[in-house]
Each structure stands twice: as structure tokens, then as C-alpha cells.
Amino acid sequence: MGRHKYGIAAALLALLLLAWMWPEGETPPSGTLTATEPTGEEAPSSSADEEAPATEDGGSSSEQETSAAAETSPADSPSPQSPAPPSSAPAAEPAGNTYDGPLGTRNHTGDDTVALTFDDGPSPEWTPKVLDMLRERGIKATFCLIGAYAEAYPELVADIAREGHTLCNHSWYHEFDLGTWSGEEIRANLQRTNDAILKAAPGAEIRYFRHPGGQWTDKAIGVAADLGMESLHWAVDPSDWDNATTEKQIRDHVLDKTGPGAIILLHDGASNQQDMCGALEAILDEFEDRGYTYTAL
């Protein structure tokens, strides 16, 4: 019993000596978990200055989230300093090659040239005068022909084609309501007109159709396209067909409204052609001073 007491006393003395000899500030042995040692999961950093971990594509996860937020926000747009991301959509067609006439009909030349178009002929009185004026200045134009008149005056159609002007179908007898007819009726009308033009000018190309009065319908445009003709509208209309419109009004309207790319509507048939021809001389003089060039479309 006494020996046992001596053993306990020796053990206690050894522990006291070990505690007294342990140096302050020593790192505890590895494997001893303390309150400051990290566990297996690291808490996400809240510091904005820390670098975010890289992703597989080389960017950072924070950059991806910022980019995604910018893309989904409708109010945001690419900054002037940064180009917009590439789009898979086809590039928009240049404005010069798009038309905004009624129902998408052509209403400008597509470049800086101007186009003179003459409707409702051929007229045995006025078409030769118009051709003379154009020939003297080396100008090519577009003539929108009435089928019944083409049949009646084939020699004038041949003259128009021979001098290099463009031919346009303007219906058989200027039927304003043509576009409301059935598709078969429209086709018969336009084909009859084409036949009369081609009989007078074999082998000629009829590139365009112009609906009487510009009263376009999708049906008429579609039939014309099936027959190989583009639908041709205009940008400048001085109402020169109206007997109440004076030569000065025709001239002033055309000169005020015409700019590069304009398609101008005039008439070598119908009525009031004396005033139109008088205005045309002054119009061509002014266009020459402006340096305009012409296209026959």
C-alpha cells in the first residue's frame, strides 16, 4: 500500500515538472485540431479585391456572372468602348438596296442617279417630242406603256426600244382597279399588254410593271413577279397629267422634291403634255447644273 502511494506521488511530480518546462508560443503538434485551423470546406470570400477563381474558358466566374447580368438586362447596351458581341443573324441589307414604296414596291434608284419615267404612252403627238429631248441630252429613261396604245402605235414602241430606253407594263387600258381582279384576270391583262409590246419590239425586255394610279395590291405585285416584272413606284409626282397643273407648278414641284436616287413620274400620254414638255426642258437644264446622272433602271 505504501509502495502504491509512492508511485502516485512520483507520477504527479513528473506531470508538474512537464507543465513547468513546456515553452510558451510553441506550435502544437500537427494533427491537433484548434479553433483557428481551417476545416475541409472554405467559406466564400466576401472581399471584392480578391481574384476570382479561373473558369475553363480562361475567364473568371465573377466576369461570367457580370456578363450574364449585362446580357439579360434590357436597359443595358454595349459600351462605346467595347464592340458588341458578334451576331449570328445575317447582316442587314444596305439601305440603298431596299425599297419603301407601297407594299415594298421600288421607289428609288438605289444609288445617286435619278430616273425619269413616262407613263400612259405611247402618244403619236408627245412621245416623239420626249424622245427628241432625251436623245439631244443622251438621257435614257423608262416608258410605262398602255397595251392598247402599244398595239395602236407599234412604231413608237419600236423607237423607244431602239433608242435604249427601258420598257414597263402599265396595264392594257389603265384599269385603276386592276389589283382587285382575280389573279387569272390580272395575269391575262398583263400578258396581253406584254404581247402587244413584244410584237412591236421583238426580243425586248419588259422589266417593270407599274399599277395604274399606284393602286397597288399584293395580288397584282405577285402576278407581275410571276411574269418576271418588278413593281415600280416613284418618289416624285408633280401631277402633270392634270390639266389644272401649270407648267410652272410641274417644274417647281420636280425641282423642289428631287434629290439623288429619285424616281420621277411624268406622262407622255394622257393629257396636259404641252405643259409637261415645257417644264421638262427647264427641269433637265437644272438637273444638268446640279450634276445629276440618269439611269434607265
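Basis for what follows: all heavy atoms, side chains included, without hydrogens, waters or symmetry-related copies. Numbering of residues begins at 1 and proceeds along the displayed sequence.
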> Could you tell me how the ring of His211 sits relative to the ring of Phe209: parallel (under 30°), tilted (30 to 60°) or perpendicular (over 60°)?
perpendicular
> What are the two closest non-hydrogen atoms of Phe143 and Leu131, and how far apart are they?
CZ-CD2, 3.8 Å
> What I'd like to find out is whether the side chain of Leu266 reaches to under 4.5 Å of the side chain of Leu280, using heavy atoms alone.
yes
> If you define the side chain from C-beta out and look only at heavy atoms, does anything of Glu205 sit under 4.5 Å from Thr166?
no
> Taking side chain as C-beta onward, heavy atoms only, is Leu116 less than 4.5 Å from Thr142?
no
> Does any donor atom in the side chain of Asn189 or Glu185 lie under 3.5 Å from an acceptor atom in the other side chain?
no
> Side-chain contact, heavy-atom cut-off 4.5 Å: Arg207 with Leu297?
no
> Could you pull out the closest heavy-atom pair between Gly121 and Asp268, with the gap in Å?
N-OD1, 3.5 Å
> To check you understand the geometry: which heavy-atom pair defines the closest contact between His253 and Pro238, and what is its length?
CD2-CA, 3.5 Å
> Between Thr117 and Arg210, do the side chains contain a donor N or O and an acceptor N or O under 3.5 Å apart?
yes
> Looking only at heavy atoms, which two atoms of Thr245 and Asn272 are closest? And how far apart?
O-ND2, 3.1 Å
> Any idea which heavy atoms bring Val157 and Ile197 closest together, and the distance?
CG1-O, 3.9 Å
> Under a 4.0 Å threshold between the charged nitrogen and the carboxylate oxygen, would Arg137 count as salt-bridged to Glu288?
yes
> Does Leu198 belong to the same Ile/Leu/Val/Met/Phe/Trp/Tyr cluster as Ile146, with side-chain heavy atoms less than 4.5 Å apart forming each link?
no
> Which atom names give the shortest non-hydrogen contact between Cys168 and Cys144, and what distance separates them?
SG-SG, 3.0 Å
> Distance check, rounded to the nearest 0.5 Å: Asn243 atom CG versus Ser239 atom OG?
12.0 Å
> So, Arg162 and Asp159, do they make that salt bridge, N to O below 4.0 Å?
yes
> More than 12 non-hydrogen atoms from neighbouring residues, nucleotides or ligands closer than 6.0 Å to CD on Gln215, yes or no?
yes
> I'd like to know if Leu178 and Ile206 are part of one continuous hydrophobic network [Ile/Leu/Val/Met/Phe/Trp/Tyr, side-chain heavy atoms within less than 4.5 Å].
yes
> State whether Glu163 and Arg135 are salt-bridged, where the test is any N-O pair (Lys NZ or Arg NE/NH1/NH2 against Asp/Glu carboxylate O) under 4.0 Å.
yes
> For a 4.5 angstrom cut-off between non-hydrogen side-chain atoms, does Leu156 reach Pro128?
yes
> Between His267 and Gly269, is there a donor-acceptor pair closer than 3.5 Å when you use the side chain of the first and the backbone of the second?
no
> Hey, any chance Tyr292 and Leu265 share a hydrophobic cluster, counting ILVMFWY side chains that come within less than 4.5 Å of each other, even indirectly?
no
> Counting only heavy atoms from other residues, nucleotides and ligands, does the tally under 6.0 Å from OH of Tyr153 exceed 12?
no
> Measuring only between side-chain heavy atoms, which start at C-beta, is Ile263 closer than 4.5 Å to His233?
no
> Anything under 30° is parallel, anything over 60° is perpendicular, the rest tilted; go ahead and classify Tyr294 against Phe287.
tilted
> For a 4.5 angstrom cut-off between non-hydrogen side-chain atoms, does Leu190 reach Val223?
yes
> Is there a side-chain contact between Met276 and Phe118, using heavy atoms and a 4.5 Å cut-off?
yes
> For Trp241, does the CH2 atom have more than 12 heavy-atom neighbours from other residues, nucleotides or ligands under 6.0 Å away?
no
